[in-house]
Number of protein chains: 2
Amino acid sequence: MAKDLAKLSINMATVQEQWNLAQCLDGFARHGIGGIAVWRHRLAEVGLKEAARMIRDSGLAVSGLCRAGYFAANDAAGRQRALDEFRQAVDEAATIGAACLVAVAGGLPEGSKDLAGTRRQVWEGLAKVVEFARAAGVRIAIEPLHPMYAADRCCINTMTQALDLCDALGEGVGVAVDCYHVWWDPELQRGIGRAGKTRLLAFHICDWLVPTRDLLLDRGMMGDGVIDLPLIRGWMQAAGYDGMAEVEIFSAENWWKRDPDEVCRIAVERYQSAV
Amino acid sequence: MAKDLAKLSINMATVQEQWNLAQCLDGFARHGIGGIAVWRHRLAEVGLKEAARMIRDSGLAVSGLCRAGYFAANDAAGRQRALDEFRQAVDEAATIGAACLVAVAGGLPEGSKDLAGTRRQVWEGLAKVVEFARAAGVRIAIEPLHPMYAADRCCINTMTQALDLCDALGEGVGVAVDCYHVWWDPELQRGIGRAGKTRLLAFHICDWLVPTRDLLLDRGMMGDGVIDLPLIRGWMQAAGYDGMAEVEIFSAENWWKRDPDEVCRIAVERYQSAV
């Protein structure tokens, strides 16, 4: 049985070289896709209020707002800037009605090798913004990123770490499960079960290519790599997740160079056949 | 206090574009370095017996033989070939008196997305060779590789996985702790403690560069990246490890292009200052 396209979302990053916000809203809707994930700088391009109006008018659901975090810094001023940014992102997520605000922890501060200390700073930073997000009705989705980003992008690298944070932070905080980042983790199934329905806030899909030619910009379309996406989707469903599946593909040499309508068409096909 | 160079080893891969076995043995000894890690194809180049004689004559200790494993395959014949190869590697390790045989699990068989099944095959493969290794007096060092290699090189990606294997396999099996592969793991300290003296069979050092430009061939010299090597070395020592520290750097664009004597000199310096 065909999957419901209303539960398919595409992250703007997937066609970021081809389409702006207006074009994404129009294009995704034209392909019958039910949702969009938005980046903050794309909201800034058209202005928050106008962006919110455009999104509302499009009828698309917002599966997530990308992103805030990067909590650790070498001084108090840097840490404060991150908190201010995060609160601003919360406001934006509330304004556009995003299903969640994606929190990416950030990596080591410049010159630091203190991974444990950096992780403590992330914990402390999140603790300082969680009440603000709760009051705004915005759910924070902590996204564990692949360990190859531990140094420079995100020091939260496993579901276990993310869920330990959730446990400490309480209501309104959950996880974004991005298959690209966590597919290798032997604890993944357990982590999804531990998260449970109320903490599974997003499900990101793409594929891990063999070989992978770039650490950042060589993600594959679902079905072109080695991730058993139906297996992971089954774990999400068994845990009660009924949100959207969001296609997020960073691909400088392939998908970013293609006709964006072709990207949407193939994403829809693969959502049906390979997820 | 200066560290004892007798406890420093260099993996031949670090100068693989510059020096063959004879040159490595000569060069490392000239720099006062106490050990070498050897690759199997380098033994084949000169013949096993001759290689063993050369190594013995050099006075260098062998911190490890690289490598055997790649257990999973799509058919029984492929799995059998891996086992035969492994036993041959055991014989070679015994012949050259290697402190351990490094076992790299291997990734998914061609066309497979069955990660859990592949991991089971690794488990079953190791179980079939462990008695042979034990009888030969060769210790098997399971090396967890970074999760970015889970698909194509090694589906054992954490100390926890490796140690669960050790628990199941019993005596004569331990782990190779390569900082490059495990530095990001929030369970690393616990894993090293869990391993304990008898199962900590190797300690590989290099550094994680920011940015990392290639998934395979852009490792850094100790001190040039973000890994807190003294911290991890301290955990190893606290757990009772008193073996060698082995420098293993794959670096197509930098260290493989330098004068190998310079590489040795800097490795010695950094062993003192950054490990």
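All values below were derived from every heavy atom in this structure, side-chain atoms included, with hydrogens, water molecules and symmetry-related copies excluded. A note on names: the letters A, B, ... follow the listed sequences, proteins ahead of strands, and every chain is numbered from 1. Values in this document were obtained by computation on a predicted structure and should not be read as measured data.
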Handout entry: Toward chain B: residues of residues 201-209 of chain A with heavy atoms under 4.5 Å
Key = D207(A), W208(A)
Handout entry: Short side-chain to backbone donor-acceptor contact, Y70(A) and A73(A), under 3.5 Å
Key = no
Practice task
Heavy-atom distances under 4.5 Å only: say whether V226(B) touches chain A with side chain, backbone, both or neither.
Solution key: both
Problem - D114(A) versus chain B, the contacting section by heavy-atom distance below 4.5 Å - result: neither
Fill in the blank from the handout: Those residues of residues 215-225 of chain A that come under 4.5 Å of chain B on a heavy-atom basis, listed by number, are L215(A), G223(A), G225(A)
Handout entry: Carboxylate-amine/guanidinium contact E85(A) R40(A), below 4.0 Å
Key = yes
Exercise for the section: Considering only NZ, NE, NH1 and NH2 on the basic side and carboxylate oxygens on the acidic side, decide whether E269(A) and R265(A) come within less than 4.0 Å. Expected result: yes
Handout entry: Residue from N157(A), D185(A), T158(A) passing side-chain contact (heavy atoms from CB on, under 4.5 Å) with P147(A)
Key = N157(A)
Practice task
State whether K257(B) and E253(B) are salt-bridged, where the test is any N-O pair (Lys NZ or Arg NE/NH1/NH2 against Asp/Glu carboxylate O) under 4.0 Å.
Solution key: yes
Practice task
May I ask you to list the residues in residues 160-183 of chain B that approach chain A closer than 4.5 angstrom, counting heavy atoms only, ordered by number?
Solution key: Q161(B), W183(B)
Problem - Min side-chain heavy-atom separation L200(A)-I192(A) under 4.5 Å - result: yes
Handout entry: Heavy-atom side-chain contact between K3(B) and R233(B) under 4.5 Å
Key = yes
Exercise for the section: Tell me the residues of residues 117-130 of chain A whose non-hydrogen atoms fall below 4.5 Å from those of chain B, in number order. Expected result: R119(A)
